[in-house]
Student: 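Attaching a single structure in structure tokens format; questions to follow.
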Amino acid sequence: MAKKLTAQADDFSAWYNEVIAKAELADNAPTRGCMVIRPYGFALWENMVAELDRMFKDTGHVNAYFPLLIPDSFFQKEAEHVEGFSPECAVVTHGGGKKLEENLMVRPTSETIIADMYARWIQSYRDLPLLINQWANVFRWELRPRAFLRTTEFLWQEGHTAHATAEEAEEETLRILDIYRTFAEDYMAIPVLYGPKTDAEKFPGALQTYAIEGMMKDGKALQMGTSHNLGQNFSRAFNIDFQTRDGSREYVYQTSWGMSTRTVGAIIMAHGDDRGLVLPPRLAPHQVVVIPIAKSDEEQAVVREAVDRLLETLEGVRVKVDDREQFGLGWKFTEWETKGVPLRVELGPRDIASGQAVVVRRDTGEKEFVPLESLGGRVGDLLQTVQRDMFQRALTFRESRSQEIQERDSFVTAANGDGGFIHAHWCGDPACEAAIKEETRNTIRCVPMHWDAVTGACAYCGGPSERMVAYAQAY
RNA sequence: CGGGGUGUAGCGCAGUCCGGUCAGCGCACCUGCUUUGGGAGCAGGGGGUCGGGGGUUCAAAUCCCCCCACCCCGACCA
């Protein structure tokens, strides 16, 4: 392990890759574009999965599992969908040593195969709504993979719901967007802009895509979750109809929504610093690392006993005790800082003698001496404080990297600049959007629905605008 | 697919121009002893198809030809 990380300011991309390696989140796999998620990285993902899964279940969703392989013909049924995904699909052409009658697509997303099943399962309005989520791996043959952000294979959840009315589908789409926003802000400690995508940026086959967008420390925006209102596009293509209360037949209204292992990349890039990861307490695999300090055997016995008592006061906290003998203290401090553990507790003979422990925050580096008898309570408080402060810092950072622009020249200059969100009016014309994409490094990330609707003039073409949109350079 | 790189020990690299004690260094690893409040020290030790194939030569990591893989920048994108 090299001594120091590349500084974020020197080369953010190198910093990102080094953090992932040194924090042991993931390793490059022998398979092109794929990564191995290592135990520490997977523990982080598992905590994210647990919280999201709970939130989905609390809102009436259930989990199921559909096949990895999807018949090619399914993709052909929805025109936009096939056009959007075909270029990035892996295709199975042989099985059992023979060429297949029909190619099988390795799923890039599961709308089609799930729609096919929904057509069989849904007969009546009484079967609705159908609220299913699946945790799965998907494959997208991206041209330029990056660990967590864009890997050929990635893990995610994909929700697929069917409803009796357009209104219910829209409600569901927004309900999920709100879950994603809540998860991003309250768990990942990343403030997000949220709202609909433009037509150019929406999911292939959707009526409307909503997204949450976070700001990374290099000034680029990261799409962290999407919720799609599919309308009847898939139900018409797959014949998912049902009998209404009054006996007529109608196609169902669907939604789909997903959040992926990309969000691990968001946590890395939104909070990490030059010393490594900084993990939000609510998701950190270890919330506290305890480092016993002892020289002699006698000291070790005393310290070990003190650590045991200390652990009893940390009931309900995810604690890791680092009692490895082969590493010195400095090495351990550095390692857990690199891994972003929110709190470090040092306990040695000097501390025990004075009835206290040293507690150090990862996010600020602040050190305090805490009486052993109140350690449990203090740690609990600190974890909440760190969680809150991390969100606040990320919000302050985002605001410092956000600017409102009205004039074309300054808009173009800023959109070719060093990042951040640009709040600007847009006329709504796709041609104008395309021209901006052509001339600048920015794209419209979303139309934040939480901003007040104020009319104005498009920052690029000057045409009339109903509201401001959020531009940024995107990952 | 365009442009630029890199393949030598687990990781990071030197050596390649100019063929010949070049199979080397640092970290990691193993053994032993001493250490331990911010990446410990000493001693000893193990580990290699030099990306692959072919060619030139008395001799190839080094020169020539072909191939492969990976990384970075762009287009595509969760």
Side-chain angles (χ1 to χ4, degrees), chain A residues 1-5 11-14 16-18 21-22 24 27-34 83-89 107-109 136-158 180 197 200-204 209 211-214 221-228 256-266 275-276 291-297 299-300 303 322-338 344-354 357-358 360 365 367 369 437-438 441 443 445 474-475:
Chain A
M1 188 182 280
K3 296 265 177 192
K4 277 197 85 106
L5 286 167
D11 185 344
F12 194 83
S13 188
Y16 179 78
N17 289 328
E18 288 171 23
K22 287 179 179 151
E24 298 181 325
D27 208 347
N28 283 323
T31 318
R32 188 210 85 106
C34 294
E83 187 186 337
F85 281 105
S86 283
E88 56 186 53
C89 276
R107 65 177 165 219
T109 181
N137 58 338
V138 289
F139 283 73
R140 294 184 189 177
W141 215 265
E142 301 292 353
L143 298 175
R144 217 180 125 202
R146 282 198 83 190
F148 289 110
L149 301 176
R150 236 182 355 258
T151 43
T152 300
E153 177 185 14
F154 59 93
L155 305 182
W156 75 347
Q157 57 70 214
E158 47 179 325
Y180 286 162
K197 289 278 187 183
E201 300 274 339
K202 73 178 170 60
F203 178 80
T209 288
I212 57 171
E213 294 275 340
L222 185 73
Q223 179 172 305
M224 292 163 58
T226 46
S227 183
H228 316 292
S256 72
W257 26 277
M259 204 180 223
S260 76
T261 35
R262 163 177 264 201
T263 49
V264 173
R275 300 166 83 85
I291 304 198
I293 300 167
K295 299 182 187 157
S296 62
D297 287 349
E299 278 184 358
Q300 270 180 18
V303 172
D322 187 356
D323 53 6
R324 293 173 300 177
E325 291 179 3
Q326 70 269 37
F327 296 118
L329 290 172
W331 201 97
K332 290 181 184 178
F333 292 168
T334 307
E335 170 165 330
W336 293 115
E337 280 166 3
T338 305
R344 177 176 81 229
V345 173
E346 303 168 22
L347 191 60
R350 288 206 310 251
D351 304 307
I352 294 168
S354 50
V358 181
V360 184
K367 180 183 283 200
F369 299 92
K437 187 174 180 178
E438 182 69 27
R441 296 153 81 177
T443 50
R445 300 325 304 153
Y475 263 99

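Computation of the quantities below employed the complete heavy-atom set of this structure, encompassing side-chain atoms and omitting hydrogens, waters and symmetry-equivalent molecules.
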Student: Hunt down the Watson-Crick or G-U wobble partner of B:C11, both distances under 3.5 Å, from any strand shown, or write none.
Tutor: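 Partner of B:C11: B:G26.
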Student: Write down the partner of B:U6 under the Watson-Crick or G-U wobble criteria, each distance required to be under 3.5 Å.
Tutor: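 WC or wobble partner is B:A69.
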Student: So, OP1 or OP2 of B:A40: does either fall under 4.0 Å of a side-chain N or O from A:K332?
Tutor: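 Result: no.
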Student: Could you tell me how far apart A:Q223 (CD) and B:A78 (P) are, to the nearest whole angstrom?
Tutor: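 After rounding, the gap between these two atoms is 5 Å.
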Student: B:C1 pairs with which nucleotide, Watson-Crick or G-U wobble, both distances below 3.5 Å?
Tutor: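 Matched B:C1 with B:G74 under the 3.5 Å cut-off.
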Student: Using atom CD of A:E142 as one end and atom P of B:C77 as the other, report the distance to the nearest whole Å.
Tutor: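 Atom-to-atom, A:E142 to B:C77, this comes out as 8 Å.
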Student: Answer with base, sugar-phosphate or nothing: what part of the nucleic acid does A:L149 contact at a heavy-atom distance below 4.0 Å?
Tutor: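 The residue A:L149 makes base contact.
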Student: Just checking, any donor-acceptor pair under 3.5 angstrom between side chains of A:N17 and A:R146?
Tutor: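 Side chains of A:N17 and A:R146: no pair found under 3.5 Å.
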Student: Which value, in whole Å, describes the distance between the P atoms of nucleotides B:G46 and B:C64?
Tutor: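 To the nearest whole Å, 37 Å.
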Student: Could you tell me how far B:G45 sits from B:U57 if I compare only their C1' atoms? Round to whole Å.
Tutor: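 Rounded to whole Å, the distance is 38 Å.
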Student: Would you mind telling me which residue lines up with the more 5' stretch of RNA chain B, A:F203 or A:E325, judged by nearest nucleotide?
Tutor: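 Result of the comparison: A:E325.
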Student: Please classify the nucleic acid contact of A:G258 as base, sugar-phosphate, or nothing, using heavy-atom distances under 4.0 Å.
Tutor: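 The answer is nothing, as A:G258 stays clear of every strand by at least 4.0 Å.
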Student: What is the distance, to the nearest angstrom, from the CD atom on A:E201 to the C1' atom on B:C76?
Tutor: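 Spelled out: CD on A:E201 to C1' on B:C76 is 12 Å.
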Student: When you get a sec, tell me which of B:C77, B:G37, B:G38 is the closest nucleotide to the side chain of A:R150?
Tutor: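 Output: B:C77.
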Student: Atom CG of A:N17 to atom P of B:C70: distance rounded to whole Å?
Tutor: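 Taking CG of A:N17 and P of B:C70, I get 16 Å after rounding.
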Student: CD1 of A:I291 versus C1' of B:G39: gap in Å, rounded?
Tutor: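 Between C1' of B:G39 and CD1 of A:I291: 12 Å.
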Student: If you check every side-chain atom of A:S260, which of B:A78, B:C77, B:G38 has the closest atom?
Tutor: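 Of the candidates, B:A78 comes closest.
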Student: Reading RNA chain B from 5' onward, which residue's closest nucleotide shows up sooner: A:L143 or A:R350?
Tutor: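 The 5'-side residue here is A:R350.
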Student: For A:I293 and B:G37, give me the distance from atom CD1 to atom C1', rounded to whole Å.
Tutor: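 To the nearest whole Å, that distance equals 5 Å.
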Student: Could you identify the nucleotide paired to B:U49, looking across every strand shown and requiring Watson-Crick or G-U wobble geometry with both distances under 3.5 Å?
Tutor: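 In the structure as shown, B:U49 has no Watson-Crick or wobble partner.
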Student: Taking atom P in both B:U8 and B:U49, what distance in whole Å separates the two?
Tutor: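 After rounding to an integer number of Å, I get 11 Å for this pair.
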Student: Round to a whole Å and report the spacing from CD of A:E299 to P of B:U36.
Tutor: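 So the CD-P distance, A:E299 to B:U36, works out to 9 Å.
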Student: Tell me, do A:M259 and A:I212 make a side-chain contact under 4.5 Å, heavy atoms counted?
Tutor: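 They are in side-chain contact.
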Student: Over all strands shown, is A:K367 touching base, sugar-phosphate only, or nothing at heavy-atom distances under 4.0 angstrom?
Tutor: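 No contact at all - A:K367 keeps every heavy atom at 4.0 Å or more from the nucleic acid.
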Student: Checking A:E201 now: which residues fulfil salt bridge (Lys or Arg N to Asp or Glu O under 4.0 Å) with it, not counting sequence neighbours?
Tutor: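 If we apply the salt bridge (Lys or Arg N to Asp or Glu O under 4.0 Å) test to A:E201, skipping adjacent residues, the hits are A:R445.
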Student: Keeping the roles fixed (side chain from A:R140, backbone from A:F85), state whether a donor-acceptor pair exists under 3.5 Å.
Tutor: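 Side chain of A:R140 to backbone of A:F85, a donor-acceptor pair under 3.5 Å: no, none is there.
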Student: Could you tell me the Watson-Crick or G-U partner of B:C33, where both distances fall under 3.5 Å? Say none if there is no partner.
Tutor: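 For B:C33, the partner nucleotide comes out as B:G41, under the 3.5 Å rule.
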Student: Report yes or no: is there a donor-acceptor pair, N or O only, under 3.5 Å between the side chain of A:R441 and the base of B:G74?
Tutor: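 When only heavy-atom distances are counted, A:R441 does not reach the base of B:G74 through any donor-acceptor pair under 3.5 Å.
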Student: Taking the C1' atom of each, how far is B:A9 from B:C30, in whole Å?
Tutor: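 Comparing C1' positions in B:A9 and B:C30 gives a spacing of 15 Å.
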Student: Do A:E337 side-chain and B:G39 base share a donor-acceptor contact under 3.5 Å?
Tutor: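 Checked by distance alone, the answer is no.
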Student: Below 4.5 Å, heavy atoms only, C-beta onward: do A:I293 and A:L329 meet side chain to side chain?
Tutor: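 Yes, close enough: below the 4.5 Å cut-off.
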Student: With P as the reference atom in both, quote the distance from B:A43 to B:G26 in angstrom, rounded to an integer.
Tutor: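 After rounding to an integer number of Å, I get 12 Å for this pair.
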Student: Base, sugar-phosphate or nothing for A:P87? Non-hydrogen atoms, less than 4.0 Å.
Tutor: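 The residue A:P87 makes no contact with any strand.
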Student: State which residues pass salt bridge (Lys or Arg N to Asp or Glu O under 4.0 Å) with A:R344; sequence neighbours excluded, sorted by chain then number.
Tutor: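 Salt bridge (Lys or Arg N to Asp or Glu O under 4.0 Å) list for A:R344, sorted by chain: A:E337, A:E346.
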Student: Pick base, sugar-phosphate or nothing for A:V358, based on heavy-atom distances below 4.0 Å to the nucleic acid.
Tutor: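 Contact class for A:V358: base.
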Student: Taking atom types as modelled, find out whether A:K197 and A:Q223 have a side-chain donor-acceptor pair closer than 3.5 angstrom.
Tutor: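 Result is yes, a qualifying pair exists.
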Student: Using the C1' atom as the reference point in each nucleotide, state the distance between B:U56 and B:C77 in Å, no decimals.
Tutor: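 Looking at atom C1' only, B:U56 and B:C77 are 48 Å apart.
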Student: Say you pick atom C1' in B:U16 and the same atom in B:C63; how far apart are they, in whole Å?
Tutor: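 It works out to 10 Å between them.
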Student: Give the rounded distance in Å between these two atoms: CD of A:E24 and C1' of B:G10.
Tutor: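 Taking atom C1' of B:G10 as the reference, CD of A:E24 is at 13 Å.
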Student: Counting distance only, does the side-chain N/O of A:T209 pair as donor-acceptor with the main-chain N or O of A:F203 below 3.5 Å?
Tutor: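 Looks like yes, one N/O pair under 3.5 Å.
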Student: Give A:T151 one of three labels, base, sugar-phosphate or nothing, depending on what nucleic acid heavy atoms sit under 4.0 Å from its own.
Tutor: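 Contact class for A:T151: base.
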Student: Is the ring of A:F154 stacked on the base of B:A78, with centres less than 5.5 Å apart and planes under 30° off?
Tutor: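 By the stated criterion, A:F154 and B:A78 stack.
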Student: B:C77 base to A:R140 side chain: any donor-acceptor pair below 3.5 Å?
Tutor: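 By the distance-only test, no, there is no pair.
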Student: Need one value for A:R275: base, sugar-phosphate or nothing, where a base atom within 4.0 Å counts as base even if backbone is also close, heavy atoms only.
Tutor: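 Base, at least one base heavy atom under 4.0 Å.
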Student: From C-beta outward on A:L329, which listed nucleotide comes closest to its side chain: B:G39, B:U36, B:C76?
Tutor: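 Per side-chain heavy atoms of A:L329, the pick is B:U36.
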Student: Can you tell me how far C1' in B:G12 sits from the matching atom in B:C71, rounded to whole Å?
Tutor: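 Taking atom C1' in both B:G12 and B:C71, they lie 15 Å apart.
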Student: With respect to the side chain of A:D351, which nucleotide from B:A78, B:G37, B:C77 is positioned closest?
Tutor: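 Minimum distance to the A:D351 side chain belongs to B:G37.
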Student: Checking base pairs now: Watson-Crick or wobble, both atom distances under 3.5 Å. What partners B:C58?
Tutor: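 Pairing partner, where one exists within any strand: B:G20.
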